[in-house]
Amino acid sequence: MRFRDTQIEMAHGAGGKASRRLVEGLFAPLLFPSSEEPLGDAAHFQLGSSSLAMTTDAFVVKPLSFPGGCIGELAVNGTVNDLAVSGARAETMVCTFILEAGLASNVLEAQVQAMADAARKAGVRIVAGDTKVVEHGKADGMYITTTGVGRLIPDLFLSARSVRAGDKVLLSGPIGDHGITILLARGELDLEANLTSDTRSVLPLVEALVKQAGPGVRWMRDPTRGGTATSLNELARDCGLGIALFEDQIPVRDSVRGACELLGLDPLHIANEGQFLAVVASEYAESALNALHATPGGEEARLIGEVRAAPAGTVLETTRYGGSRIVDMLVGDPLPRIC
Amino acid sequence: MRFVDEFRDPDVITRTCSEIRRLADPKRHYRIMEVCGGHTHAIYRFGLKDVLPENIELIHGPGCPVCVLPMGRIDDGLSIAQDPNVIFAAFGDMMRVPGTQGSPLEHKARGMDVRIVYSPADALKIAKANPDKHVMFFAIGFETTAPSTALTLIRAKNDGIHNFSVFCNHVTIIPAIRAILDSPDMRLDAFIGPGHVSTVIGCRPYEWIASVENKPIVVSGFEPLDMLQSIVMLLRQLKAGHSKVENQYKRVVPWEGNRSALKAMAEAFQLRPYFEWRGLGFISQSALRVRDEYAEWDSERRFDVPGVRVTDPRAAQCGEVLKGVLKPHQCKLFGHECTPEHPIGALMVSSEGSCAAYFNYEHRKTAMVTLRPTA
């Protein structure tokens with residue numbers, strides 16, 4: 001599938017279908033034509049006797065600080081989480097700052113301090129970096145890129161291809177908090193909610209899960225841009241099976257639900273920064289869920305669905321009263337529905 | 001969550017569905033049109049078709065504002081905003097609707113100043129904040145959104161804000177229903193009446209549907225239980241041989257409508273002699289324009305508008321789908337050339353459009369084999 005879009009649009013960065021088209025139709029064939037594995041969040045490789053994982057992520061968010069977090073914290077946690085769901089503990093990180101001329105120094109300092117705090121909390125060392133300054137009006141204050149290297153957790157084999165019909169889908173906690181917090185923090189809507197971003201390192205939860213159910217864990221992903229729906233659609237496509245979701249089991253806070261109802265958005269399409277999805281063999285599902293429940297921050301974890309043979313490549317949600325609907329990937333940015 | 005959960009209660013829904021099965025005559029086929037795009041969206045989102053008996057067929061009506069907007073209007077609006085001094089403001093609903101040279105979002109990617117607003121008052125705020133620019137609000141919607149546009153026009157005039165105008169595409173629901181009923185290829189048994197429109201116009205304007213056309217109509221809310229209850233009310237009428245206007249959505253819709261909203265509309269708008277609807281053609285007295293007293297705030301009078309008419313791609317059968325003659329998947333382009341990512345017709349764009357709703361929530365449940373893989 002060649003990339004045929006004539007220009008880059010915001011949708012290509014929104015994590016949905018257009019993003020996938022760009023990566024699979026342009027980046028992948030030109031940059032890593034020999035890759036056979038489905039595209040993951042991180043690459044695994046061997047260096048001497050060490051099994052390592054590496055990932056990179058760029059952070060652009062407006063406003064820079066929001067209830068529950070800020071870009072500096074996201075920049076560390078995002079990369080730690082990408083490594084965690086690929087089965088690795090982040091160890092070292094390098095970062096790039098793109099700063100806009102005119103950015104107040106105290107704003108920058110606060111963000112860098114937040115990075116330092118998040119790195120300490122996650123047990124990762126930031127070891128090198130680069131700085132560029134662009135003209136005023138060009139970078140929303142600042143952008144941050146972080147690249148992380150982590151050590152693979154032993155005896156954990158994660159791949160969409162190892163997912164089997166009958167496996168269970170676990171979710172670490174309520175969805176949509178981050179995306180809705182950002183939407184409201186932009187101040188363009190006259191809506192207020194008592195809501196904070198869920199940004200955090202998911203590594204402690206991943207480690208607890210692996211400790212209890214390691215051999216049964218088949219696949220993990222942190223549902224950031226594009227939301228839970230997009231991550232699960234990617235899984236459905238990569239494993240060639242169907243994902244059945246149970247609407248009444250998916251944890252969504254009332255404030256997120258309320259905002260979504262008002263704006264015509266689907267919580268399954270809203271970004272998260274501190275949750276992850278895991279597919280676990282059914283015989284391990286209960287111990288996996290118990291492990292999450294017993295770990296601080298995992299109390300609201302739920303079993304939200306299961307893998308089925310059909311309909312292949314599709315995510316299907318069963319509604320509370322027995323109806324069903326297709327849950328598709330996000331197309332472009334989520335746009336509120338008014339009229 | 002209040003006002004939501006009680007209308008999605010599984011037990012009550014199950015009981016209502018049994019009532020529907022009890023009322024529906026198994027020997028009869030029921031064709032019920034939901035006029036409003038919000039209802040179409042709800043039907044698919046909540047999987048309502050799965051819980052209804054097979055002999056109740058829901059037909060999607062014309063009540064999706066971006067779907068009925070002809071492409072020429074989008075081109076006209078975008079042509080005004082080619083001027084770098086003009087800011088194009090519209091609801092998110094409008095942003096992916098294709099014009100001949102692409103959607104507003106695609107124009108934005110090429111440098112046009114396009115802003116998503118949540119209300120016309122926000123567009124006026126942008127005008128106040130950018131006195132050296134002109135802000136054009138591309139207004140769409142039925143009577144649901146027209147009052148807020150009217151109030152914004154009134155405020156712009158009162159506050160003396162001169163760098164603001166409205167490109168008015170507001171349409172009215174009654175002539176569209178009339179056009180559907182006049183269409184010879186359309187056989188309908190009853191209507192689920194639009195909920196939000198009726199908060200403004202009330203229930204009286206539908207009386208002719210019951211008294212002259214002898215079709216029952218129930219104005220309905222948008223939650224699963226609202227819609228199922230409305231179907232119960234329609235089946236009761238059909239069983240008894242009645243045709244009445246009933247109001248299921250009493251918690252929101254007053255029988256007489258909203259007088260202040262109607263007054264604002266009358267102050268700022270007048271009826272157009274005729275207006276082109278995608279799929280339905282020209283319908284007389286079916287749309288609103290900015291009243292002469294507000295001409296200074298009317299984009300169409302303030303700027304040169306090409307007034308282009310663009311015919312839909314010939315293979316696209318948006319008109320038939322809009323009228324309910326064809327189901328979305330029966331259109332030749334559905335799911336192949338026309339998808340939510342590459343929409344050819346607006347019905348595939350708006351999440352209220354029946355094609356997009358069908359594509360997103362439904363079609364692969366039944367058509368997995370023929371439509372996979374599309375990539």
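Keep in mind that the numbers below use all heavy atoms, side chains included, and drop hydrogens, waters and symmetry copies. In the text below, chain A, chain B and the rest are named by the order of the sequence lines, each starting its count at 1.
Within 6.0 Å of CD in Gln101(B) there are 12 or fewer heavy atoms belonging to other residues, nucleotides or ligands. For CZ of Arg251(B), the number of neighbouring non-hydrogen atoms (other residues, nucleotides, ligands) closer than 6.0 Å is greater than 12. Heavy atoms of other residues, nucleotides or ligands lying less than 6.0 angstrom from NZ of Lys128(B) number more than 12. The neighbour count for Glu54(B) CD, taken as heavy atoms of other residues, nucleotides or ligands under 6.0 Å away, does not exceed 12.
With a 4.5 angstrom heavy-atom cutoff, Tyr44(B) touches chain A only via backbone atoms. For chain B, no part of Ala11(A) is nearby; none of its heavy atoms comes within less than 4.5 Å. With a threshold of 4.5 angstrom between heavy atoms, Glu223(B) approaches chain A through side-chain atoms but not through N, CA, C or O. Residue His196(B): no heavy atom, backbone or side chain, is found under 4.5 Å from chain A.
What you find for Arg8(B) and Glu261(A) is that their closest heavy atoms are NH2-OE2, 2.8 Å. Counting all heavy atoms, side chain and backbone alike, Ala109(B) lies closest to Ile8(A) at CB-O, 3.8 Å. Phe359(B) and Asp328(A) make their closest contact through CE2-OD2, 4.0 Å (heavy atoms, listed as atom of the first residue, atom of the second, distance).
Chosen from Glu247(A), Arg21(A), Met10(A), the residue pairing most often with chain B at heavy-atom distances under 4.5 Å is Arg21(A).
In this structure, the separation between NZ on Lys49(B) and CZ on Arg325(A) is 16.0 Å, given to the nearest 0.5 Å. For the atom pair CG of Asp5(B) and CG of Asp254(A), the computed distance is 6.5 Å after rounding to the nearest 0.5 Å. With values rounded to the nearest 0.5 angstrom, Lys17(A) atom NZ is found 6.5 Å from Thr339(B) atom OG1. Interatomic distance, Glu9(A) CD to His107(B) NE2, rounded to the nearest 0.5 Å: 10.5 Å.
Proximity of a side-chain donor or acceptor of Gln7(A) to a complementary backbone N or O of Glu106(B) within less than 3.5 Å is detected.
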